[in-house]
Amino acid sequence: MGLLTIIRKNKFKDRELRLLFLGLDNSGKSSIVRRILGEDIAGVSPTLGFDIRTVVHRGYTLNIWDVGGQKSLRPYWRNYFERTDALVWVVDSGDRARLDDAREELWGVLGEERLAGASILIFANKQDIVGALSAEEIRRALALDAISSHAWRIQPCSAATGAQLGAGVDWAVEDVGRRMYFGGGGGVAPPEASKEAERRGETGTA
Ligand SMILES: Nc1nc2c(ncn2[C@@H]2O[C@H](COP(=O)(O)OP(=O)(O)O)[C@@H](O)[C@H]2O)c(=O)[nH]1
Ligand SMILES: [Mg+2]
């Protein structure tokens, strides 16, 4: 077991996860983060550096890194890869013109060694927009089926309405847990098993 794996397992035992939000500028990353934190999303302005927010979600402390996606800021993304448990890639489902750009940037990031082992959640955001591309269309446009290096999932959602954000985050937390648990070494229960243990009156990890 590598050192990184041990660090990750310990973090998961402490129920603490690091989520890195990336995607093109204006895709809705900061709005999604605000929604997850239960904040008002009106008046959100472009992220010029990065924001770190912490929220407790189903008993897990999520350290959320929200990084600016403007073209000039993308070279700095690599500074945030280390120790990421899940990469949350946000797509503006109404922005057909920049889908190719989104695909290229995503695939650039997927090749990063320091993200090996991270779960990949793709949020097909802005589903409330009339004419928005469906998750299925985005899945094809971003060539997601070709991802073999990571566990991934695409989740249609809307930061404007809050729809389906929780389902996406639930998957990310569960997938990170599954990997810790079944990835060898054992000793750390995945979220579902933890919940089961809680129901039985046992606390913490099984
Ligand atoms: N219609 C709609 N607009 C959204 C949604 N999410 C974000 N926006 C808008 O998209 C713009 C960019 O959002 P922001 O969160 O700053 O994107 P970021 O650059 O990726 O952090 C803002 O005007 C948001 O109000 C959504 O789900 N639906
Ligand atoms: Mg932002």
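Atoms within each ligand, like the ligands themselves, are counted from 1 in listed order.
Within the structure, the closest approach of S27 to ligand 1 falls below 4.0 Å when heavy atoms are considered.
Screening T54, N63, T61 against E16 for a side-chain hydrogen bond (donor to acceptor under 3.5 Å, both in side chains) leaves a single residue, N63. Checking K126, R98, K29 one by one against D92, the salt bridge (Lys or Arg N to Asp or Glu O under 4.0 Å) holds for a single residue, K126.
Near S158, meaning under 4.0 Å from one of its heavy atoms, ligand 1 places the atoms 27 (O). Heavy-atom proximity to A159, at under 4.0 Å, picks out these atoms of ligand 1: 6 (N), 26 (C), 27 (O). Ligand-side atoms of ligand 1 in range of K29: 15 (O), 17 (O), 18 (P), 19 (O), 20 (O), 21 (O), range being under 4.0 angstrom from any heavy atom. Atoms of ligand 1 lying under 4.0 Å from at least one heavy atom of D25, given by number and element, are 19 (O).
Taking hydrophobic clusters as Ile, Leu, Val, Met, Phe, Trp and Tyr residues chained together by side-chain heavy-atom distances below 4.5 Å, W152 shares a cluster with W107.
Rounded to the nearest 0.5 Å, atoms CZ (R114) and CG (N79) are 7.5 Å apart. A distance of 10.0 Å separates CD1 in I138 from CD1 in I122, rounded to the nearest 0.5 Å. Interatomic distance, D66 CG to L19 CG, rounded to the nearest 0.5 Å: 11.5 Å. Within the model, atoms CD1 of I120 and CG of L115 stand 6.5 Å from one another, a figure rounded to the nearest 0.5 Å.
In terms of protein heavy-atom proximity, atom 6 (N) of ligand 1 is nearest to N125 ND2, 3.2 Å. Nearest to atom 11 (C) of ligand 1 among the protein's heavy atoms is N26 OD1, 3.2 Å. Of the protein's non-hydrogen atoms, the one nearest atom 17 (O) of ligand 1 is G28 N, 3.0 Å. Of all protein heavy atoms, the one lying nearest to atom 24 (C) of ligand 1 is S31 OG, 3.8 Å. In this structure, the protein non-hydrogen atom closest to atom 1 (N) of ligand 1 is D128 OD2, 2.9 Å. Looking only at protein heavy atoms, the nearest one to atom 9 (C) of ligand 1 is K126 NZ, 3.9 Å.
Below 3.5 Å of separation, one finds no N or O of S45 facing any N or O of ligand 1. By the 3.5 Å distance cut-off applied to N or O atoms, S30 is counted among the residues near ligand 1. Considering backbone and side-chain N/O of P46, none are found under 3.5 Å from N/O of ligand 1. For ligand 1, the polar-atom distance check against D66 finds no nitrogen or oxygen pair separated by under 3.5 Å. Every N/O-N/O distance between V44 and ligand 1 stays at or above 3.5 Å.
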Side chain to side chain donor-acceptor pair (under 3.5 Å) for S93 and Q127? Distances and angles first, verdict last.
CA-CA 6 Å; S93 307; Q127 287 296 316; 3.1 Å; yes
Run the salt bridge (charged side-chain N to carboxylate O under 4.0 Å, His left out) check on D170 and R58 step by step: do they pass?
CA-CA 8 Å; D170 283 351; R58 295 188 192 262; 2.7 Å; yes
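Proximity of a side-chain donor or acceptor of R74 to a complementary backbone N or O of G69 within less than 3.5 Å is detected.
Around CZ of R78, the count of heavy atoms belonging to other residues, nucleotides or ligands within 6.0 Å does not exceed 12.
Here S45 does not reach the Mg ion (ligand 2): none of its N/O/S atoms is less than 2.8 Å from the metal. For the Mg ion (ligand 2), the set of nearby N, O or S atoms under 2.8 Å includes one belonging to T47.
Ring-plane geometry between F123 and F21 is classed as tilted, the angle between the planes lying from 30 to 60 degrees on a 0 to 90 degree scale.
When heavy-atom distances to ligand 1 are checked against a 4.0 Å cut-off, I41 has no atom that comes that close, whether in backbone or side chain.
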